[in-house]
Amino acid sequence: MLLPRRAFLGGAAATVLAGRVRAGGSSGVVALSWIAAQNLLALGVVPAASPEIAFYNRVVAEPAIPAGVRELGLRSEPNLELVASLRPDLLVFSGDLMRMQERLESIAPGYLFDFASQADTDRLDDAKRAMAALAERTGTNEALAVFLRTLDSGFADANERLRGYDRRAVFIVTILDGRRMLVFGKNSLFQSVLDRFGIENAWDGYTSRYGHATVSVDRLAARPDARLLCVGNERITTMERLEAAPVISSLPFVRERRIVLIPEVLFYGGLPSAHRFARLVSLALGKEGGR
Amino acid sequence: MRRLAWVASAGPVALLLALFASGLMIRNMSALLADGMTPLAILFPDPEITAEMLLHYTIVPRIVIGLMAGASLGLAGAILQLVLRNPLAEPATLGISAGSHLLLAAATIWFPVAVASNREWVAFAGAVLALSVIMALSWRKGLSPVTVTLSGMIVTLYCGAASAILTLFNHDLLIGIFLWGAGYLDQQDWRATISFTPRFIGLACIVVLLVRPLALLSLDDGSARNLGLSIAAWRVLALVVASGLTAIVTAAVGIISFAGLAAPAIARAGGARTTRGFLWWSGILGALLLAATDQIVLSLPVTFRLFPTGAITALLGAPLLLMLIPRLRLLAPPRANTSHITSLSGHAAVFIAVLVVLTGVMLCMAVLSGKADGGWEFVSGYSDAVIAWRWPRALAALSGGAMLAFSGAILQRMTGNPMASPEVLGVSSGAMLGIIAILLLAAAPARFELITAGTAGAFAVLALMLALSRLPGFSGERLLLIGIALGSVSGFVMAVLMTAQDPRLGQVLTWLSGSTYAVRPGEAILAFVMVAFALLSTPLLRRWLDLLPLGTGVARATGVPVTLSRNILLSLSAMLTASATILVGPLSFAGLMGPHLARLCGFQRAGSHLLASALLGGLILLIADWLGRNILFPFQIPAGLLATVVGGPFLLILIAKR
């Protein structure tokens, strides 16, 4: 947790400079999506309100939403009556509320924060561009500089930890049930991060514009030499069920225990998610290198 | 001799299916069999060779379970159709699969550890629970086919809505349940097959014993009673067996709709005349149908191999059903018995006036009162901004509900079928498909584009319905079958969306569940104007709706232009449904509930029935929208879902008491 706190403190300083702090420490900015909240917090802007806070703190985790931020309800339908009654200065929303843009702007100026694209661009670059634009809009360029330094040093630390890694290709997956999983490949934020460390992704098949695909677990058999990296599958029952499947347990990487578990990371998140992923992956994979 | 007759009838179809399925099977398996592998590897795989392990543990059990599940569904569908004397009946119609799905979803949230090891039994308990509810509701009416069918359909809707609420608030947690519910046949070992087999064999044996009673049950009640059968007892037993067959399938591979509808339909169309022949051909055809479909899924390019087989069955089954409808020999259709309801004739006007006042008061309540940070509040200082967000939603809910109920009332009267509602007609499905398509194709479609796409979808369905209704053999109940076929296509699209795990899914889900969230003021006003026009047209429609249900002959004799009036009524109903779908999602419960409540209140004549239906339907969604925005503040429950979950049991009790 060391790095994000540094980022957070740096950001907080910038917030004071930007003169946006209101009573209670929160700004007049309302985040209408998780990625908006995540990036605002990384820039030191504590939103006045944000959707599904408890769930966010469990799944996105970094940077955490502090107590005192108002709950807005479901991500798909943040409560606009409440937003209107908070009389915000700025609404930061993402693609799924774009169809409401005009009406949102009747409450307060709106800012579209999103970086999903159809093009085959590098997701880290996309996220960086989007965050820089957000910093510009919220007047938090100093905080952005601090955050980017933190990110760079986080990546450098991760690279250091991964130096002894055996360079085995990895499948990045989230097991959904005993039979199927999400696999992340081309176009995913995760892949973008692994590219920085020169680690090959074992999945070269189809992925969506968010870089994921749902596949049945026997597709793992295509690369028996790989390592399995499970994101957000710390619940042991899922893994047990997976290993109970004869096909899977016969695969070399299960027999040789080449399975690594890391906590939840938001797969369509921005730079803070990349930062969290780099740290968690390097901590988990760094230990595997000796084999 | 009789035996030979039924072998000859449905035989060619079954043979074709069997050849097709085994051809694909051999192709798919040989793709896996690498050089140097013996066929013996199917039974005794070498753990070191992944291809052999895949063959033995994924491909072969998948074929076996597909055959058995298909046979179970075919048998279950055949039994249900015989007992209920309703060619629309299939395992899913009774709400059995929906019931088990709901219980499994709820149990996964609250008792995750216990569920992990007892999935099959939890699902089975849910199935039995759903059946018990239906039994309890229709017991008083001597388990009359129409009541059972209606209760089953409402239980299905209810379970679907309750599952949807759970999903809305836990959709990341429940993804496993979704995938299970979508009807995947793929296996990773033999466990499911091994636990399925004895249950399937046991139930099939009971079906053998049931052949004779079933033959008698499919006669009308009078002759069955004369033959010395305790009708209710045999019906319950047959329904329990059918639900047992459905439950084992649901527990093992999830909800696979349509096989249970298609197999008996083909058997009947193929000319299986005796009860015995009908049952066995339904079983055999069901098995082959599902196995063949599954092999098609396996033959797809890798990316599309992920489609759930259950959804593909539905997609392939839809055109098949369209071809079969005209050939279908309708069994004696169950009819709603409304004779003993006292007519309101004199008081109708008073009653409608009361409803109008009630609606007005409720509309004010919904706009002026609501929860804020501190609890319930009536409008005060800052609230102007809040009202600007509330009134379009309240007005849209009211108008959407009224449009659906008005259209439902037209459909129920025209078809004389109490199951008719806009969703059954398929117009909602058409609008929904159009809107989903634009949501997924365009990066961020504007509201206008959504409306255009939805209307296009609805009118495409409408055009198809109008074209088909001109053909001989597509009328009344048969038109409803077309709607069910279209509904299954939209089920397929939903399943694919679930599989794709698209982050935009949440948005589609909330809209599908009947939320008024994104409604604009202009749209709400336009919708209200449309409702007003519909209500004003009632005097013109009244005569047609009173006379058309009496039959074409009577209608013609009294000077009603039959074709023209039917086209106008259908177009109006479709237009209203499309508009309502765009406003409040494709939820049809208001369309079913409004006309029912109005009828139960005693509105018999078409004119007052239409008005009262619209008012009641609007009131239901208005109240649901108001409660949904407030009871979990700041979280919001979509109006359509809440109306279903709260109003469903209420409607069930009313139906049971009638």
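A note on names: the letters A, B, ... follow the listed sequences, proteins ahead of strands, and every chain is numbered from 1.
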J.: Are more than 12 heavy atoms from other residues, nucleotides or ligands located less than 6.0 Å from atom CG of A:Asn57?
T.: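 Atom CG in A:Asn57 is crowded, with more than 12 foreign heavy atoms closer than 6.0 Å.
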J.: Search all heavy atoms of A:Asn79 against all heavy atoms of B:Pro634 and return the closest pair with its distance.
T.: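 Smallest interatomic distance, heavy atoms only, reads ND2-O, 3.1 Å.
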J.: How far does CD of A:Glu81 sit from CZ of B:Arg390, to the nearest 0.5 angstrom?
T.: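 Separation between the atoms: 4.5 Å.
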J.: So for atom CZ, which belongs to A:Arg70, do other residues, nucleotides or ligands contribute more than 12 heavy atoms lying within a distance under 6.0 Å?
T.: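 No - once you tally the heavy atoms of other residues, nucleotides and ligands closer than 6.0 Å, there are 12 at most.
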J.: Quick one: ring pair (Phe, Tyr, Trp, His ring centres under 6.0 Å) partners of B:Phe635, sequence neighbours excluded?
T.: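 B:Phe635: ring pair (Phe, Tyr, Trp, His ring centres under 6.0 Å) contacts with B:Phe169.
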J.: Would you check if A:Leu74 and B:Gln636 make a side-chain contact, meaning some heavy-atom pair closer than 4.5 Å?
T.: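 They are not in side-chain contact.
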J.: Which heavy atom in A:Arg103 sits nearest to a heavy atom in B:Ala388, and how many Å separate them?
T.: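 Nearest pair, atom of A:Arg103 first, then B:Ala388: NH2-O, 3.9 Å.
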J.: Does any backbone or side-chain atom of A:Gln101 lie under 4.5 Å from a heavy atom of chain B? Answer side chain, backbone, both or neither.
T.: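 For A:Gln101, there is no contact with chain B at all, as no heavy atom is under 4.5 Å.
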J.: Please flag which part of A:Pro78 lies under 4.5 Å from any non-hydrogen atom of chain B: side chain, backbone, both or neither.
T.: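 Looking at A:Pro78, backbone and side chain both touch chain B.
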J.: Mind checking ring pair (Phe, Tyr, Trp, His ring centres under 6.0 Å) for B:Tyr517 and listing every partner two or more places apart, or none if nothing turns up?
T.: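 Not a single residue meets the ring pair (Phe, Tyr, Trp, His ring centres under 6.0 Å) criterion with B:Tyr517.
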J.: Side chain, backbone, both or neither: which part of A:Leu80 has an atom under 4.5 Å from a heavy atom of chain B?
T.: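 It is both, since atoms from each part get that close.
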J.: Do the non-hydrogen side-chain atoms of B:Trp389 and A:Ser85 ever get within less than 4.5 Å of each other?
T.: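 The answer is no; the side chains never approach within 4.5 Å.
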J.: Any idea which heavy atoms bring A:Pro246 and B:Met53 closest together, and the distance?
T.: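 Heavy-atom minimum between the residues: O-CE, 3.5 Å.
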